[in-house]
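Notes for the one structure printed next.
Numbered from 1 within each chain, the chains take letters A, B, ... in sequence-line order.
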There are 2 protein chains.
Amino acid sequence: MAAQKKGAGGKQPTINDVAALAGVSKKTVSRVINRSEFLTEKTRKAVEQAIETLGFVPNPQARALAFRRNFLIALLHDNPNAQTVLNFQQGVLDAIKDSDLALLVRPVDRGSERMLDDVRTFLEKQRPIGALLLPPISENDDLAALCEDLGVRYVRVGSAPLDDAKHCVSSNDREVVAEAVRALIALRHRRIGFVRGPQGFRSAAEREKGFMEALSEAGLDLPAAYNAPGNYRYAAGIEAGEALLSLSEPPTAIFCSNDEMAAGVMSVAHAKRIDVPGALSIIGFDDSPTATHIWPALSTVRWPIREMGVRAAKTLVPDFLPLAGKVDESDSGVLNSTFIQRQSVASPQR
Amino acid sequence: MAAQKKGAGGKQPTINDVAALAGVSKKTVSRVINRSEFLTEKTRKAVEQAIETLGFVPNPQARALAFRRNFLIALLHDNPNAQTVLNFQQGVLDAIKDSDLALLVRPVDRGSERMLDDVRTFLEKQRPIGALLLPPISENDDLAALCEDLGVRYVRVGSAPLDDAKHCVSSNDREVVAEAVRALIALRHRRIGFVRGPQGFRSAAEREKGFMEALSEAGLDLPAAYNAPGNYRYAAGIEAGEALLSLSEPPTAIFCSNDEMAAGVMSVAHAKRIDVPGALSIIGFDDSPTATHIWPALSTVRWPIREMGVRAAKTLVPDFLPLAGKVDESDSGVLNSTFIQRQSVASPQR
DNA sequence: TTGTAAGCGTTATCAT
DNA sequence: ATGATAACGCTTACAA
């Protein structure tokens with residue numbers, strides 16, 4: 001039990017108060033705080049006792065000044081998927097829980113011309129030890145270069161290796177999408193549609209590669225009419241659904257590059273009284289809350305996003321984390337996504 | 001254009017470098033940084049020029065130490081709804097954009113016995129200027145007392161006034177729920193079911209009050225069988241749907257205390273081949289992404305959460321924000337939620 | 001209007 | 001193993 005502190009009025013005890021009470025120099029107290037190994041068990045006990053009695057908590061600003069570094073890491077994101085961001089945050093916080101670190105959050109506006117300047121200003125002002133970059137901004141090489149330039153460590157999170165293992169944590173989206181599409185093929189689907197992600201997104205490209213890979217393995221091809229554009233938004237799913245499901249020979253299954261677009265396609269199917277999964281199987285990507293909230297529940301790919309948060313933090317600041325935190329140096333930084341089968345997929349009825 | 005700084009190796013220029021270059025004392029530079037009014041236009045220009053030339057950015061740790069306070073505010077949350085948390089975050093960041101403040105994020109575990117201790121440790125370690133408390137933990141009086149005790153400002157966010165206006169930002173959920181239910185009644189619904197939120201949540205109580213208010217105004221009552229328990233989770237919506245829609249005389253409309261449970265009820269309706277909205281109208285609460293992703297799109301209540309984030313930040317740290325940030329002192333701190341009508345509601349067919 | 005000296009609470013250096 | 005003294009980069013108090 002720490003002693004109760006005084007309220008807002010009472011002054012915080014300082015390292016000097018502790019030193020005085022324990023009858024040692026403040027440097028010795030500092031040694032205790034920082035777990036120096038050159039300490040008698042006895043003096044350490046005495047100092048700890050004094051700390052306890054006073055309810056002393058080291059002033060982080062003073063420490064930061066003396067150390068010439070603070071204890072903050074930053075999360076930079078411009079992710080449309082709230083659940084993804086929050087799960088990642090949670091993973092990061094799991095990782096830094098028993099450390100002195102705290103997490104700063106900074107959304108950035110990918111579209112803005114001043115994006116790089118904004119980030120520069122933020123990093124210069126706050127000087128966090130490091131920055132975690134979530135997709136899609138993690139794909140921006142200029143941003144990584146900026147961090148490098150400012151001496152701020154960084155780790156990029158992506159759906160495929162974007163950088164060397166020291167600067168990247170990624171998942172194997174391509175493989176898992178291929179696996180999902182193979183599952184459709186195994187169910188005897190032959191007319192399989194595809195709804196793309198936004199152009200220029202690495203994640204979209206990876207998912208497309210996985211899709212094409214599975215198709216060509218099976219000797220199938222993707223007619224132009226089955227290949228619909230998208231941008232990860234629900235409305236794009238609606239448009240793609242309208243287009244694909246109005247064809248004279250519509251696909252019996254559609255892979256959508258994310259859940260939100262899959263929800264759009266599903267809505268169109270409902271509106272057109274097309275039975276899902278009887279007449280149409282649908283697969284999404286993200287395992288967002290939407291995936292389980294729509295009916296029928298959506299088969300999808302789960303990104304190990306929380307685990308990636310943990311890993312990203314461990315990669316970023318291994319030297320600030322408890323020993324348990326160390327990542328194996330030889331680790332490739334690739335985590336596995338998982339294909340999750342739910343009710344939206346079945347064999348085509350015919 | 002700020003001058004490019006050296007990379008990781010180069011040392012940051014300090015206030016002394018600026019002072020030397022500008023030919024003034026460092027205190028004068030400090031005055032420029034802190035916008036003192038007692039400065040000749042000429043010296044100010046000279047110092048600004050030097051700052052520009054060197055690319056000087058004041059060290060926040062040193063400032064924090066000298067000021068005896070840092071420039072951080074904290075967001076404490078334990079909210080299951082990711083979109084809500086993120087929208088709120090965005091609002092806070094909008095508000096502090098042109099200030100020196102940064103945002104720390106800290107999820108807390110409402111269920112844990114050590115919750116208060118964890119928060120205490122966090123606040124003592126980081127010593128943010130203030131803390132923003134999101135529901136449901138904003139309803140915890142002990143938490144507010146802890147902030148008070150530690151001299152950390154706080155603002156609580158809730159669905160009804162939880163504290164005096166200096167410590168609270170809220171929305172008028174009760175009124176808007178009543179409005180939504182009146183809309184059902186105006187459409188000639190008479191058998192209206194209710195799915196409750198979790199016990200002990202203020203938000204749940206407010207929504208229930210609003211519901212009951214509208215019912216009794218119309219001289220309707222809520223049979224016990226129409227009053228289903230819930231906990232804001234999808235699975236509870238499924239259970240409630242199973243119960244309500246298996247009755248020999250089922251309701252023609254169901255108000256669910258949040259969107260997630262509404263999605264559950266909707267799934268049950270689909271599974272039972274009950275037409276929505278023809279045979280059953282459904283209303284939710286939150287205007288979460290789910291509301292538009294399910295089919296048919298869900299009528300719901302939109303919480304002005306981003307605006308509440310802005311307001312909460314302005315209430316918490318008016319003295320750190322640009323002048324535009326001031327909140328009118330006489331303001332009650334109550335923002336308006338909005339009823340949003342979508343396809344899930346219609347007159348009962350009969 | 002500007003400058004000087006002292007101090008914020010910690011850690012680094014270098015003794016002992 | 002411990003301590004004295006000087007940083008760390010800035011602001012405050014007071015003086016000029």
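For the helix from C:dT1-D:dA16 to C:dT16-D:dA1, the terminal axes (five pairs an end, C1' atoms, rotation from four pairs onto the next four) enclose an angle of 30°, given to 10 degrees.
To the nearest angstrom, C1' of C:dT2 lies 16 Å from CZ of B:Arg44. Rounded to whole angstrom, the span from the CZ atom of A:Arg69 across to the C1' atom of C:dT11 amounts to 11 Å. When the C1' atom of C:dG9 is taken as reference, atom CG of A:Asn70 falls 16 Å away, rounded to whole Å. Per the geometry, CG belonging to A:Asp17 stands 13 Å off C1' belonging to C:dT10, to the nearest Å. At whole-Å resolution of the value, NZ in A:Lys45 and C1' in D:dA1 are 18 Å apart. Residue A:Leu39 contributes atom CG, which lies 13 Å from atom C1' of D:dG3 at whole-angstrom precision. The interatomic distance linking A:Lys125 (NZ) with D:dG9 (C1') rounds to 18 Å, in whole Å. Between A:Ile33 atom CD1 and C:dT10 atom C1' the separation is 8 Å, expressed in whole Å.
A close approach under 4.0 Å does occur between a side-chain nitrogen or oxygen of A:Asn34 and OP1 or OP2 of C:dT11. Side-chain nitrogen and oxygen atoms of A:Thr40 include at least one within less than 4.0 Å of the OP1 or OP2 phosphate oxygen of D:dT2.
Nucleic acid contact for B:Thr43: sugar-phosphate only, since backbone atoms but no base atoms lie under 4.0 Å from a heavy atom of the residue. At the heavy-atom level, A:Pro60 lies nowhere under 4.0 Å from the strands shown.
Applying the salt bridge (charged side-chain N to carboxylate O under 4.0 Å, His left out) test to pairs two or more places apart or on separate chains, those with a residue in residues 94-104 of chain A are A:Arg63-A:Asp100, A:Asp94-A:Arg306, A:Asp100-B:Lys125.
Salt bridge A:Arg120/A:Asp149: present, at least one basic N to carboxylate O contact under 4.0 Å. A salt bridge is absent between A:Arg156 and A:Asp164: the closest approach of a Lys/Arg side-chain nitrogen to an acidic carboxylate oxygen does not fall below 4.0 angstrom.
Both A:Val29 and B:Phe38 sit near DNA chain C, but only B:Phe38 has its closest nucleotide nearer the 5' end.
Contact detail for B:Pro107 and A:Leu93: the closest heavy-atom pair is CD-CD1, 3.1 Å. Pairing each heavy atom of A:Asn70 with each of A:Ala64, the nearest pair is CA-CB, 3.8 Å.
Defined by atom type and a distance below 3.5 Å, a donor-acceptor pair is present between the side-chain atoms of A:Thr84 and A:Asn81.
A parallel orientation is assigned to the rings of B:His167 and B:Tyr154, their planes being inclined by less than 30° (bins at 30° and 60°).
Test A:Asn140, A:Asp78, A:Asn79 against A:Arg110 for side chain to side chain donor-acceptor pair (under 3.5 Å) and you get one pass: A:Asp78.
Shown here is B:Glu113, whose CD atom has no more than 12 heavy atoms of other residues, nucleotides or ligands within 6.0 Å.
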| Nucleotide by nucleotide, 5' to 3', does protein get under 4.0 Å of the base (B), only the sugar-phosphate (S), or neither (-) in nucleotides 3-8 of chain C, counting heavy atoms? | BB---B
